[in-house]
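This report refers to the structure that appears directly beneath it.
Keep in mind that this is a model prediction, so the values were computed, not measured. Below, read A as the first sequence line, B as the second, and so on, with proteins coming before strands; counting in each chain starts at 1. Computed over heavy atoms, backbone and side chain alike; hydrogens, waters and symmetry mates excluded.
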Protein chains: 2
Amino acid sequence: MNQNIKPTESELEILNILWSKGACTVRDVHEVLEQNKDAGYTTTLKLMQIMHDKNLLTRDASARSHVYSANVSQEKTQGQLVKKLIDNVFNGSAAQLVMQALGNHKTDKKELEAIKIYLKEMENKQQ
Amino acid sequence: MNQNIKPTESELEILNILWSKGACTVRDVHEVLEQNKDAGYTTTLKLMQIMHDKNLLTRDASARSHVYSANVSQEKTQGQLVKKLIDNVFNGSAAQLVMQALGNHKTDKKELEAIKIYLKEMENKQQ
DNA sequence: GTTTGTATACGAAATCATTCGTACAAAGAA
DNA sequence: TTCTTTGTACGAATGATTTCGTATACAAAC
C-alpha cells in the first residue's frame, strides 16, 4: 500500500511541523515556515496540496480553512531515510553510519547512556 | 573552499564507484552502473562532465579516454549527509538517528563490538 | 586510405521541485 | 450592501536533474 515514502526537502519541513504540532491549517504551517525562510503563502499552500495529492497528507475540508495532518508516520519516514542513507552512502553498514554520527556530532552523557542501554538490550535479545 | 557537498543521487552512485575503485574512465564507471540500471553511455558521460564542472571530480585529459577521480572525500561527504539527516529528520539529535539505525538494520556481533569500543573511547575522551 | 569502433562535446527534451501571480469564493467589517 | 480580508484552485515560469541524439575526432583494423 504505502510503499515508498520519498518526501522532498520542502515536504520534510512541512511534515516536521505537522508531526510536532499535530493537525494544522496552511496558515499555521506557513507561519512556522516563515521564521526560517521566505516564501509566499501560496507556495506553502501549493506544496501542501501537492502533498495531499501524493497522499503524504490527509485533510479535513469541511471548514473554509482546510485542516491538514501527516499521513505518514515520523518513525517510518525516519526509517526509510536512514535505510536509504545506509545503502547509498555507507555500503549497507549501519555500524559505519552510527560511528560517523557519533564521531561528528555532540552527544551529551544522557544520550550516550541511552545508546549504551539500547546496545545491551540488543545483545540480550540477540543471543 | 570546498564548502557544501550536495551530490544528487546519480552523482552519489558515481562517487561510490570512484571511491571504491579509484581513478576510472567513463567506460569503467558505466560498466558498473549498467549492472543496476539501464541508461546509455552518453548519460554517464554527461553526468561525469557535469560533476567535473561542479568540481566533484577531477580528470586527466591527456589520453584520449579521460581518467576521472573523486575530488571530494568519502568521509567528508558522509559527514555532510549525516548532518543533514540529523538536522532535517531527527531534530538535531544524533542519538535518535543512532538508535533508529541500530533498531532497524541487522548489525552483526563484530560491528556491535566496534561500536561499543567506540563509545568507550568517547567516554574516556569526554571526561 | 577507407571503414569501423570508440572517444568527447554539446544541444535539447523530459521530468520534477519550487515559486508565484491571478482568479474567484466566502466571511466579516464598514 | 459594499469593501476588505482571507481562503482555495490553478496555470505557468524557473531552475535543477536526468536522459539521449547527433556531430565530430581519433585510432586501429582491414
Side-chain angles (χ1 to χ4, degrees), chain A residues 3-18 23-69 72 77 80-81 84 88-89, chain B residues 3-18 23-69 72 77 80-81 84 88-89:
Chain A
Q3 349 64 303
N4 258 16
I5 308 161
K6 226 198 120 214
T8 66
E9 295 224 346
S10 301
E11 288 172 346
L12 219 38
E13 289 177 323
I14 290 172
L15 283 174
N16 274 317
I17 294 168
L18 292 172
C24 283
T25 64
V26 174
R27 180 144 310 275
D28 294 335
V29 170
H30 182 64
E31 263 158 19
V32 179
L33 281 183
E34 260 183 330
Q35 292 165 13
N36 298 317
K37 69 179 204 177
D38 62 338
Y41 172 82
T42 53
T43 301
T44 306
L45 172 66
K46 180 73 164 189
L47 275 173
M48 291 176 73
Q49 285 170 341
I50 290 171
M51 290 171 78
H52 179 245
D53 290 346
K54 292 188 191 173
N55 265 308
L56 287 172
L57 305 184
T58 56
R59 75 176 169 188
D60 173 354
S62 61
R64 189 158 100 88
S65 297
H66 302 174
V67 178
Y68 290 80
S69 307
V72 292
T77 306
Q80 292 230 235
L81 293 175
K84 206 177 77 175
N88 293 345
V89 189
Chain B
Q3 350 65 308
N4 259 16
I5 309 161
K6 225 197 121 216
T8 67
E9 296 225 344
S10 302
E11 288 173 345
L12 218 39
E13 289 177 322
I14 290 171
L15 283 175
N16 273 319
I17 294 167
L18 291 172
C24 282
T25 64
V26 174
R27 180 144 310 275
D28 292 336
V29 169
H30 182 64
E31 263 158 18
V32 178
L33 282 182
E34 260 184 329
Q35 291 164 13
N36 299 316
K37 69 180 204 179
D38 62 338
Y41 172 83
T42 53
T43 301
T44 305
L45 171 66
K46 181 74 164 189
L47 276 173
M48 291 176 74
Q49 284 170 340
I50 290 171
M51 291 170 77
H52 179 246
D53 290 347
K54 292 187 190 173
N55 263 307
L56 287 172
L57 304 184
T58 56
R59 74 175 170 187
D60 174 353
S62 61
R64 190 158 99 89
S65 296
H66 302 174
V67 177
Y68 290 80
S69 307
V72 293
T77 306
Q80 293 231 234
L81 293 174
K84 207 178 76 177
N88 294 345
V89 189

Identify each donor-acceptor pair in which a side-chain atom of residues 5-16 of chain B lies under 3.5 Å from a protein atom, sequence neighbours left out, and give them as a table.
unit_1 : atom_1 : unit_2 : atom_2 : d
B/T8   : OG1    : B/E11  : N      : 3.3
B/E9   : OE2    : A/K84  : NZ     : 3.0
B/E11  : OE1    : B/T8   : N      : 2.9
B/E11  : OE2    : B/K54  : NZ     : 2.7
B/E13  : OE1    : B/K37  : NZ     : 3.1
B/N16  : ND2    : A/N88  : O      : 2.6
B/N16  : ND2    : B/L12  : O      : 3.2

Legend entry - Minimum heavy-atom distance between B/L18 and B/Y68, given as atom pair plus value: CD2-O, 3.7 Å
Inset, instruction - Locate the shortest heavy-atom distance separating B/D60 from B/A63; write the atom from each residue and the value. - result: OD1-N, 4.5 Å
State the [atom1]-[atom2] distance between [X] and [Y], to the nearest 0.5 angstrom.
X	Y	atom1	atom2	answer
A/L45	A/H30	CG	NE2	10.5 Å
A/Q35	A/L33	CD	CG	9.0 Å
B/K46	B/Q49	NZ	CD	6.5 Å
A/M51	A/R59	CE	CZ	13.0 Å

Length of the line joining [X]:[atom1] and [N]:[atom2], which is rounded to integer Å:
X	N	atom1	atom2	answer
A/I14	C/dT19	CD1	P	10 Å
A/I50	D/dT8	CD1	C1'	14 Å
B/M48	D/dT18	CE	C1'	16 Å
A/K54	C/dT18	NZ	C1'	11 Å
A/H30	C/dT18	NE2	P	16 Å
A/E13	C/dA17	CD	P	15 Å
B/E34	D/dC20	CD	P	11 Å
A/E11	C/dT19	CD	P	12 Å

Inset, instruction - For A/K6, answer base if it contacts any base atom (sugar-phosphate contacts may also be present), sugar-phosphate if it contacts only those atoms, and nothing otherwise; contact means non-hydrogen atoms under 4.0 Å. - result: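 Counting heavy atoms under 4.0 Å across all strands, no contact is made by A/K6.
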Inset, instruction - Would you sort out whether A/T44 and A/M48 count as a side-chain contact (heavy atoms from CB on, under 4.5 Å), showing the intermediate values? - result: CA-CA 6 Å; A/T44 306; A/M48 291 176 73; 4.0 Å; yes
Legend entry - Heavy-atom donor-acceptor pair, A/T25 side chain to A/D28 backbone, under 3.5 Å: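 Yes, the answer is positive, given that a donor and an acceptor are paired below the 3.5 Å cut-off.
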Legend entry - Close approaches to DNA chain C from residues 60-67 of chain B, in residue order (heavy atom, under 4.0 Å):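 Result for residues 60-67 of chain B: B/R64, B/S65, B/H66, sorted by number.
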Inset, instruction - Would you jot down, in residue-number order, the residues of residues 38-46 of chain B having a non-hydrogen atom under 4.0 Å from DNA chain C? - result: B/Y41, B/T42, B/L45, B/K46
Inset, instruction - Output yes when at least one side-chain N/O atom of A/R27 is less than 4.0 Å from OP1 or OP2 of D/dT6, else no. - result: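 Checking D/dT6 against A/R27, no side-chain N or O comes under 4.0 Å of OP1 or OP2.
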Legend entry - Selection from D/dT8, C/dT18, C/dA17 that lies nearest to any side-chain heavy atom of A/Q49: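 In terms of side-chain proximity for A/Q49, the closest of D/dT8, C/dT18, C/dA17 is D/dT8.
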